[in-house]
Amino acid sequence: MDYNIDGLAPVVITNKIEITERVFIYQFKRAFNFEAGQVIGISVFDNTDEKMPRMYSIASGNNDELVSILFNVKETGWLTPLLAKKEVGDTIYITAPSGNFLDNNESAFWIATGTGIAPFHSMLQSGSSGQKTLIHGARKLDSFYFEDSFLNVNHLSYIRCCSQEEGNSIYFGRLTQYLKEYNNLPHDQKYYLCGVPEMVVEVRDILIDKGVPYQQIVAEIYF
Amino acid sequence: MKQELLGKTLKELQEIVGELGLPKFTAKQIADWLYKKDIQSIDEMSNLSKKARQLLNEQFEIGYVAPVKVQTSVDGTKKYLYPTATDKFIEAAYIPDKDRATLCVSSQIGCKMGCLFCMTAKQGFQGQLSTGQIINQIKSLPEFEKLTNIVYMGMGEPFDNIEGVMKSTEILTSDYGFGWSPKRITVSTIGIIPAMRTFLANSKCHLAISLHTPFDEERKEIMPIQNVYPISEIIDELRSYEFTQHRRVSFEYIMFKGINDSSKHVKELARLLNGLNCRINLIRFHPIPGTPLEGTSIEKMEQFRDQLISKGIMTTIRKSRGEDIFAACGLLSTKELLKKQEGDH
């Protein structure tokens with residue numbers, strides 16, 4: 001990839017999928033290597049003079065031909081309303097992949113809300129090993145993004161918590177409530193958290209309150 | 001809803017007067033009224049034509065918002081609470097100290113960074129502050145005339161609101177604005193590298209970095225940002241810039257008992273910062289509810305400081321101020337107020 005002086009390189013959108021209202025997956029050809037769990041900066045501009053790129057976790061596997069990015073449109077944000085107007089064939093700009101929110105390939109808990117599921121999807125698609133427990137929180141039943149990928153995976157226990165709608169085999173309530181009711185959380189496994197800051201901070205407090213050493217908690221924040 | 005004029009840069013004011021069909025020099029006159037004088041309404045801008053004032057009044061207001069509450073510490077520190085139009089609150093801490101008077105301003109309501117040791121993190125993120133809301137904390141401060149220094153160390157991560165921070169420091173340091181020396185201003189960051197580059201390329205204000213441990217794995221455990229911008233990369237980036245007395249870089253280091261206060265940390269800090277003209281400020285940890293962390297004793301902090309000095313790193317222990325009113329480092333939060341307000345509605 002040829003990154004310009006602001007660290008941005010152009011990529012052409014090859015697929016645009018609206019998976020639920022105002023939530024999109026954009027795909028473009030992979031021309032770089034990355035580790036599952038890493039992020040890339042995204043912008044609709046080729047410079048950082050006015051606006052800084054926003055960071056997004058890569059949602060696809062590290063050997064996939066296409067790179068997938070999952071985002072929801074935040075009407076008050078500067079980027080996503082503009083990004084959502086882009087179509088297949090349009091150019092957007094990305095930074096090189098970076099970040100250390102990486103799978104340990106051991107038994108671990110993955111905890112995500114909303115689009116915070118993206119790095120875990122990347123880890124799974126990249127061949128993550130070790131027994132995982134994925135706890136996924138969403139408000140609506142149609143917001144368990146990538147759920148088909150997580151169902152029926154041998155080494156993955158997939159728990160969905162829906163706070164506003166009831167569904168079959170789905171915990172009805174907030175993810176944080178589920179965790180509060182969860183007895184005997186192991187203290188010797190890593191807990192990977194990804195989502196909005198409020199969720200990350202609240203879940204971390206619950207885990208610490210349940211005796212999980214803070215050193216076992218790895219948090220990825222959205223900003 | 002009218003737009004606030006406070007917080008507009010000269011360029012933005014020129015755009016406004018251009019759109020209103022007013023002479024270009026009107027922008028400089030408005031800036032004078034906003035940043036060098038003390039008025040409460042556009043009508044008081046007496047050197048503007050009546051037509052100009054009328055046109056401005058139709059779409060704009062000054063944007064001053066007085067604090068609604070002040071708490072005073074036994075040590076003289078004052079914590080001011082400013083309301084926002086969206087029923088949220090902004091905190092700023094005024095810290096008088098002999099011949100200095102520092103204002104610690106907020107750049108966001110809440111914070112997204114999720115640091116384990118910080119009270120602001122616990123309230124999550126409620127929004128960016130506009131440039132006007134940042135400037136208002138300064139201009140509407142009852143002790144405005146006494147201020148000698150501004151530190152961007154209140155609620156929020158300044159470099160997650162780089163636009164508001166850059167514009168506000170421009171207004172503070174420009175001739176058309178407050179005309180302050182950039183040496184009186186320090187912006188503190190957790191280390192968002194792209195925004196830090198913008199700041200260093202365009203501002204002469206001092207920079208402070210929240211370091212807290214030189215070890216990557218330890219920093220990850222207490223500061224999630226380490227997963228995205230590791231401290232080693234932040235330091236590498238800083239090495240491309242020159243730091244002198246005119247523009248300093250300092251490192252904030254909150255001391256946690258048994259976590260980051262060993263000789264091993266001294267050695268690694270010396271290695272990490274080798275060749276960088278900088279200083280370290282050691283800060284006492286102010287415990288927050290439910291924290292698994294404890295503060296290092298003052299005796300141990302003094303030993304740690306002396307060890308760093310012996311390695312050639314200028315190190316000081318920052319005085320803890322305003323602890324009794326929750327104005328001290330890491331304690332600012334309007335979470336309870338927001339909760340109360342939600343309950344009232």
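Quick note: numbers below take in every heavy atom, side chains included, and nothing from hydrogens, waters or symmetry partners. Here the structure is a predicted model, which is why all the values come from computation and not from measurement. A note on names: the letters A, B, ... follow the listed sequences, proteins ahead of strands, and every chain is numbered from 1.
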Tabulate below the donor-acceptor pairs under 3.5 Å that side-chain atoms of residues 95-104 of chain A make, not counting sequence neighbours, or state none.
{"unit_1": "A/Thr95", "atom_1": "OG1", "unit_2": "A/Gly41", "atom_2": "N", "d": "2.6"}
{"unit_1": "A/Asp103", "atom_1": "OD1", "unit_2": "A/Asn105", "atom_2": "N", "d": "3.2"}
{"unit_1": "A/Asp103", "atom_1": "OD1", "unit_2": "A/Lys132", "atom_2": "NZ", "d": "2.8"}
{"unit_1": "A/Asp103", "atom_1": "OD2", "unit_2": "A/Ser128", "atom_2": "OG", "d": "2.6"}
{"unit_1": "A/Asn104", "atom_1": "OD1", "unit_2": "A/Glu106", "atom_2": "N", "d": "3.1"}
{"unit_1": "A/Asn104", "atom_1": "OD1", "unit_2": "A/Lys132", "atom_2": "NZ", "d": "3.3"}

Which atoms of [X] approach chain A - backbone, side chain, both or neither, heavy atom under 4.5 Å:
X        : value
B/Leu116 : both
B/Met166 : neither
B/Ile193 : neither

**OP:** Tell me, please, which residues at least two apart from A/Arg160 pass salt bridge (Lys or Arg N to Asp or Glu O under 4.0 Å).
**Re:**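 By the salt bridge (Lys or Arg N to Asp or Glu O under 4.0 Å) rule, A/Arg160 matches A/Glu147.
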So with a 6.0 Å cut-off around [atom1] of [X], is the heavy-atom count from everything else above 12?
X        : atom1 : answer
A/Lys140 : NZ    : no
A/Arg174 : CZ    : no
A/Glu75  : CD    : yes

Subject >> Heavy-atom closest pair, residues B/Asp160 and A/Arg54 >> reply: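 Smallest interatomic distance, heavy atoms only, reads OD1-NH2, 3.9 Å.
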Look up atom [atom1] in [X] and atom [atom2] in [Y], then write down how far apart they are to the nearest 0.5 Å.
X        : Y        : atom1 : atom2 : result
A/Lys51  : B/Ile162 : NZ    : CD1   : 11.5 Å
B/Asn202 : A/Asp49  : CG    : CG    : 9.0 Å
B/Ile192 : A/Met55  : CD1   : CE    : 9.5 Å
B/Lys220 : A/Glu220 : NZ    : CD    : 9.5 Å
A/Tyr214 : B/Thr291 : OH    : OG1   : 8.5 Å

Subject >> Proximal to chain A - members of residues 223-232 of chain B, heavy-atom separation under 4.5 Å >> reply: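 Only B/Pro224, B/Ile225, B/Gln226, B/Asn227, B/Val228, B/Tyr229, B/Pro230 of residues 223-232 of chain B have a heavy atom under 4.5 Å from chain A.
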Original post:
Just checking heavy atoms, which of residues 178-210 of chain A are less than 4.5 Å from chain B?
Top reply: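 Those residues of residues 178-210 of chain A which have a heavy atom under 4.5 Å from chain B are A/Pro197, A/Glu198, A/Val201, A/Arg204, A/Asp205, A/Ile208.
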Original post:
Top residue by heavy-atom pair count (under 4.5 Å) with chain A, among B/Glu233, B/Glu218, B/Glu163, B/Glu217?
Top reply: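 Ranked by heavy-atom pairs under 4.5 Å with chain A, first place is B/Glu163.
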